Structures are given as C-alpha cells and as structure tokens.
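Read the structure below first, then the notes.
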Amino acid sequence: MKPTPRTSDTTDVRVEKAPVGYSIILPPGWKRIPLRNKREMESAADALVSAACRQVPENLPRDFVARYRLEIRRRLGVGIKNARKSGGLDFYLPIAQPGEPLIAASFVVGEVSSADSDRGQFLTAMTSGAGYEPVDVDDSPGVRRELVMEADPTEDIEMSSRRVDYVVAVPKNLGRWVTISFSTMGGGDPSDDLADATVSLFDAIVTTFRWSNE
C-alpha cells in the first residue's frame, strides 16, 4: 500500500504521554528485587541469597553455612517487608564481591500520590520542612532530604542509620510522585566516613535515573 500524500493542511500532532517506568544504572554487585510480583520477588530474593552464600569460604562447616543462609534470608525478608510496607516498587541492595566487605546499604524506588494537583504548592510545602532541598531528577522537579534514623526494635531496625530520600514529580501526570529512599549503617556509625562515601555513591546512582515509556 502506498502512503497517502500529505496535503498542505495536514499537521503532525505528537502527544507526549506520562512515563510508565524508569531505568537506573547500578554499580557492580548491586541487585534489584521487584516487589510488585510475588513470584518474581521470591525468585530474585532466592537468587540473591544463593549469590551471597557462594562468597562463603568452602572450608567452613555446613551448619555454619546453613545458619548464615537463614540469617541472610531473615534480614532480606525484613528489608523486603519494610520496602513493601512503604509502597516500594523495587528494592536494591549490594552483594559483596569475593574478597570485598559487604556494604550495609540499600534503596527503594516507590510511588506516592498527592491530592494536591498544584506541584508548585506541594514542593513549596515539602521544602518548608526541615532538611528538604529542591532538586531536579531527569528534568523533573523534586526534593531531597538527608537525616539520621534511630534504631527501632519494634520495626526490626536494630541499628541507627543514615537515610536519604528523594521525591520526584512524574512528568505529564499530576498528583503522582516517585520516591527513591536510601539507607546505610556505614561502618556501624551512620556519620562515619563509610556512610559519607556510600551516600555519595547513592546520589551518583540517582543521577542515572531516567523516565521510560516502555
């Protein structure tokens, strides 16, 4: 079939749609656990636990490895539970490479809705709170906050942690916001040099965030 010739009164109209997803570039060793599909979530979690156990020296007793696997699965389960409770879509965390220490850090990408369709007012209200500052993520307006969270045994949070939260407007979709929430315990102190370096790594990861229509 031959294309229909364009006449002088024909105009191309391109409608920009709201993104349906996102992409992000992870450092080596970081893994994603999808939270929206239970089967995919469990499969990714099992693969991550197996990968962690493969880093254990082969000369250790089997009962030690079994206890280690159970503890890794328990801690991962706590992280997944908290991520889902906060409306998370995807949970990210690092796996130690051979000969390297494990970084006690993770981040969650989630989504929230706001009844206020005026993004300017919403952002102004957010930045009026303590610790929030305006940012742009892939040309979308948002805010960033950094703080120290105290331990909370009632929520299975055994140690204090350093937290960084981003809240970013979804383009072409008023009232929808994406959250990117990071947490690290550093080397045992959320204010130590390792925590500082890990926060800097997370901020670098956020700079690779891109909206996707696929």
Side-chain angles (χ1 to χ4, degrees), residues 14-27 29-45 48 76 78-94 103 105-149 155 157 161-184 195 198-214:
R14 179 173 297 178
V15 179
E16 294 187 19
K17 297 181 180 180
V20 296
Y22 72 93
S23 65
I24 200 165
I25 298 176
L26 298 173
W30 282 72
K31 303 297 182 182
R32 166 182 170 264
I33 296 180
L35 302 176
R36 286 166 281 187
N37 182 291
K38 186 175 181 180
R39 180 176 296 179
E40 292 179 357
M41 179 186 72
E42 292 293 340
S43 177
L48 192 147
L76 182 58
V78 170
I80 290 174
K81 183 187 74 172
N82 291 334
R84 297 187 74 187
K85 185 164 45 176
S86 64
L89 304 174
D90 297 297
F91 182 44
Y92 296 87
L93 70 166
I103 300 175
S106 63
F107 69 93
V108 179
V109 176
E111 185 179 5
V112 295
S113 299
S114 168
D116 191 348
S117 60
D118 189 326
R119 287 182 170 172
Q121 289 186 0
F122 183 83
L123 290 171
T124 299
M126 290 284 286
T127 53
S128 65
Y132 284 97
E133 58 182 359
V135 294
D136 283 328
V137 176
D138 193 22
D139 295 327
S140 293
V143 294
R144 178 189 183 276
R145 177 183 67 167
E146 184 173 339
L147 72 162
V148 172
M149 299 289 291
E155 295 292 334
I157 301 174
S161 61
R162 180 97 151 264
R163 178 161 177 161
V164 181
D165 296 313
Y166 284 82
V167 182
V168 185
V170 177
K172 308 295 180 182
N173 199 323
L174 296 177
R176 284 182 61 206
W177 303 79
V178 159
T179 60
I180 315 173
S181 299
F182 168 82
S183 179
T184 182
T198 312
V199 167
S200 295
L201 174 63
F202 170 65
D203 284 329
I205 292 173
V206 174
T207 65
T208 73
F209 182 99
R210 296 292 182 271
W211 300 108
S212 170
N213 289 309
E214 298 179 359

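Since the structure is predicted, the reported quantities are computational estimates derived from the model, not experimental observations.
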Could you walk me through whether D138 and T207 pass side chain to side chain contact (heavy atoms under 4.5 Å, CB included), step by step? CA-CA 8 Å; D138 193 22; T207 65; over 6 Å; no
Strictly distance-based, threshold 3.5 Å: is any side-chain N or O of N173 a donor or acceptor partner for the main-chain N or O of R176? no
I'd like to know if R162 pairs up with E146 as an ion pair, taking the criterion as any Lys NZ or Arg NE/NH1/NH2 lying under 4.0 Å from an Asp or Glu carboxylate oxygen. yes
Gap between atom CG of N82 and atom OG of S106 - 0.5 Å precision: 9.5 Å
Taking all non-hydrogen atoms of both residues into account, name the closest pair between E40 and P34 and its distance. CB-CG, 3.9 Å
Gap between atom CG of L174 and atom OG of S113 - 0.5 Å precision: 12.0 Å
Using side-chain heavy atoms (C-beta onward) and a distance below 4.5 Å, is V178 in contact with V167? no
Among V109, D90, I80, L89, exactly one meets side-chain contact (heavy atoms from CB on, under 4.5 Å) together with L35. Which residue is that? I80
Could you tell me how the ring of F107 sits relative to the ring of W30: parallel (under 30°), tilted (30 to 60°) or perpendicular (over 60°)? tilted
Evaluate side chain to side chain contact (heavy atoms under 4.5 Å, CB included) for Y92 paired with L26, printing each intermediate quantity in order. CA-CA 9 Å; Y92 296 87; L26 298 173; 3.6 Å; yes
Hey, mind stepping through F209 and I180 against side chain to side chain contact (heavy atoms under 4.5 Å, CB included) and telling me if it holds? CA-CA 10 Å; F209 182 99; I180 315 173; 3.9 Å; yes
May I ask you to test the W177-V168 pair for a side-chain heavy-atom distance under 4.5 Å? no
Find the distance between CG (L76) and NZ (K81) and round it off to the nearest 0.5 Å. 13.0 Å
Is P171 close to P19 at the side-chain level, that is, under 4.5 Å between some pair of heavy atoms? yes
Under a 3.5 Å distance rule, please check whether T208 uses its side chain to pair with a backbone N or O of I25 as donor and acceptor. yes
Whether over 12 other heavy atoms sit under 6.0 Å from N37 CG: yes
Using a 4.5 Å cut-off on heavy atoms from C-beta on, say whether the side chain of S181 contacts that of V164. no
Can you tell me how far apart OG (S86) and CZ (F91) are? Round to the nearest 0.5 Å. 9.5 Å
Is the closest side-chain heavy-atom distance between E133 and R145 below 4.5 Å? no
Side chain of S43, backbone of R39: donor and acceptor closer than 3.5 Å? no
Just so I know, are the side chains of F182 and T198 near enough to count as touching, which here means a heavy-atom distance under 4.5 Å? yes
Going by heavy atoms in the side chains, are S161 and V148 under 4.5 Å from each other? no
Between S140 and W211, is there a side-chain donor-acceptor contact under 3.5 Å, judged purely by atom types and distance? yes
For D165 and T179: C-alpha separation, side-chain torsions, deciding distance, then whether side chain to side chain contact (heavy atoms under 4.5 Å, CB included) applies. CA-CA 7 Å; D165 296 313; T179 60; over 6 Å; no
For residues L123 and P134, determine if any side-chain heavy atom of one lies less than 4.5 Å from a side-chain heavy atom of the other. no
Atom CD of E111 and atom CZ of R36: how far apart are they, to the nearest 0.5 Å? 8.5 Å
